[in-house]
Amino acid sequence: MSIIEYKNICMAYGEKTIIENFNLSIEKGEFVTIIGSSGCGKTTILKMVNGLVEPVSGEVLVEGNSTRQADLTMLRRNIGYAIQGSVLFPHMTVEKNIAYVPNLLNKKDKKRTEQAVTKWMNIVGLEDSLRGRYPAELSGGQQQRVGIARALAASPDILLMDEPFGAVDEITRGSLQEEIARIHRETGITILFVTHDIGEALKLGTKVLVMDAGSIQQFAPPHEILHAPATEYVKKLVEKERRRCHLPEEKLGDCEYSGAV
Ligand SMILES: Nc1ncnc2c1ncn2[C@@H]1O[C@H](COP(=O)(O)OP(=O)(O)OP(=O)(O)O)[C@@H](O)[C@H]1O
Ligand SMILES: [Mg+2]
């Protein structure tokens, strides 16, 4: 069974139609990277999963249940959401931010929550000494890690990530990519990950969703995107990446894309 299914989705903001007849099935455990032109509806697609946006028509099924009928609080407990920029609670320390959902889930067991915080800080590469700091006392990259740790600390089945590594330097970005790939391998979590970087999309995704103007250009594993681009739009994206990698066409398959870092 698909863990997320978009069925005949149409979406408009006011008069403006953004998405029409959008259909997509995502299997459990998939790492779906989403790439496409600015304003084509990527964030909107993501927000439909946790009910932050409701489609005008059609429905989104999460683990078989329509988000229209879902208890949104319950739904969101099972879905981590990490977005670019800091959306941390400014008046809470790193520890309190990460502990927020675990605290809700095991109110009485403080020790368990504390252990969960330690575990996730460790996984995303945050030093323990940062526990007592407030978001304003952290660098952008550290804030992003806290955001990811907080999203993961609830042990969700689904993780939505909207350009999560946008504001960090190349090296930090590389290590965050490795961490998220490892988390995916080790937990079997289903990830939807929006990026503007085709290299990142191909490197991390077990499947890549390429969108343009509210419609699907291609939804396929990285090697298929590279070797059998379905549309001109995808072809152009791939061409750009090939130039970046300095690779001739026949060599592209040897680039580091395998669905995991
Ligand atoms: N709350 C809103 N009210 C009106 N229009 C909106 C709203 N949210 C998004 N839009 C419009 O819907 C379209 C899709 O927006 P969305 O945020 O999904 O795009 P995106 O693909 O994530 O873009 P980007 O790559 O720039 O983040 C855009 O044209 C945007 O201006
Ligand atoms: Mg967006």
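We count ligands from 1, going down the list as the structure has it; atoms in each ligand are counted the same way.
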(Q) Please verify the inter-ring angle class for Phe193 with Phe31; under 30° counts as parallel, over 60° as perpendicular, anything in between as tilted. (A) tilted
Q: Check the hydrophobic clustering (I, L, V, M, F, W, Y; side-chain heavy atoms under 4.5 Å; chains of links allowed) and say if Met48 and Leu61 are grouped together.
A: no
Q. Can you tell me the protein heavy atom closest to atom 14 (C) of ligand 1 and the distance?
A. Gly39 O, 3.3 Å
Q. For Cys40, is at least one N or O under 3.5 Å away from an N or O on ligand 1?
A. yes
**Q.** Thr187 side chain vs Ile189 backbone, donor-acceptor pair below 3.5 Å
**A.** yes
Q: May I ask which of Val194, Ile18, Ile34, Thr44 has a heavy atom nearer to atom 18 (O) of ligand 1 than the others do?
A: Thr44
Q. Which heavy atom of the protein is the closest neighbour of atom 4 (C) of ligand 1, given with residue, atom name and distance?
A. Tyr13 CB, 3.4 Å
Q) Which of the listed options, Ile83, Thr43, Val53, holds the heavy atom that is closest to atom 22 (O) of ligand 1? A) Thr43
Q. Do any pairs count as a ring-ring contact (aromatic ring centres under 6.0 Å, His included) and have a residue in residues 87-107, sequence neighbours left out, and if so which ones?
A. Phe89-Tyr100
Q: Rounded to the nearest 0.5 Å, what's the gap from CD on Gln143 to CG on Asn97? Could you check?
A: 10.0 Å
**Q.** Polar contact flag, side-chain donor to acceptor under 3.5 angstrom, Glu30-Thr190
**A.** no
Q: Would you please test Asn8 and Asn21 for side-chain hydrogen bond (donor to acceptor under 3.5 Å, both in side chains) and show each step?
A: CA-CA 5 Å; Asn8 301 318; Asn21 295 323; over 6 Å; no
Q) How far apart are the C-alpha atoms of Thr195 and Glu200, what are their side-chain angles, what is the distance that settles it, and do they pass the side-chain hydrogen bond (donor to acceptor under 3.5 Å, both in side chains) test? A) CA-CA 7 Å; Thr195 176; Glu200 185 170 71; 2.7 Å; yes
Q.
Out of Gly41, Ala12, Gly36, who is nearest to atom 19 (O) of ligand 1 when you count heavy atoms only?
A. Gly41
Q: Indicate, as side chain, backbone, both or neither, the part of Lys16 found under 4.0 angstrom from ligand 1 when only non-hydrogen atoms are considered.
A: side chain
Q | Nearest neighbour in protein (non-hydrogen) for atom 27 (O) of ligand 1 | A | Glu163 OE2, 3.6 Å
**Q.** CD-NZ distance between Glu163 and Lys42, expressed to the nearest 0.5 angstrom
**A.** 6.5 Å
Q) Looking at ligand 1, does His196 have a heavy atom less than 4.0 Å from it? A) yes
Q: Distance to 0.1 Å, residue and atom name: give those for the protein heavy atom nearest to atom 26 (O) of ligand 1.
A: Ser38 OG, 2.6 Å
**Q.** Distance flag for atom 30 (C) of ligand 1, protein heavy atom under 4.0 Å
**A.** no
Q. Which protein non-hydrogen atom lies closest to atom 25 (O) of ligand 1, naming both residue and atom, and how far is it?
A. Lys42 NZ, 2.7 Å
Q.
Assess whether a salt bridge exists between Asp197 and Lys203, defined as any Lys/Arg side-chain N lying under 4.0 Å from an Asp/Glu carboxylate O.
A. no
(Q) For the Mg ion (ligand 2), which protein N/O/S atoms fall under 2.8 Å? Skip waters. (A) Thr43 OG1
Q. Would Ser25 and Tyr6 satisfy side-chain hydrogen bond (donor to acceptor under 3.5 Å, both in side chains), going step by step from the backbone distance to the final call?
A. CA-CA 6 Å; Ser25 286; Tyr6 296 89; over 6 Å; no
Q. Quick one: do the Asn23 and Glu5 side chains pair a donor with an acceptor below 3.5 Å?
A. no
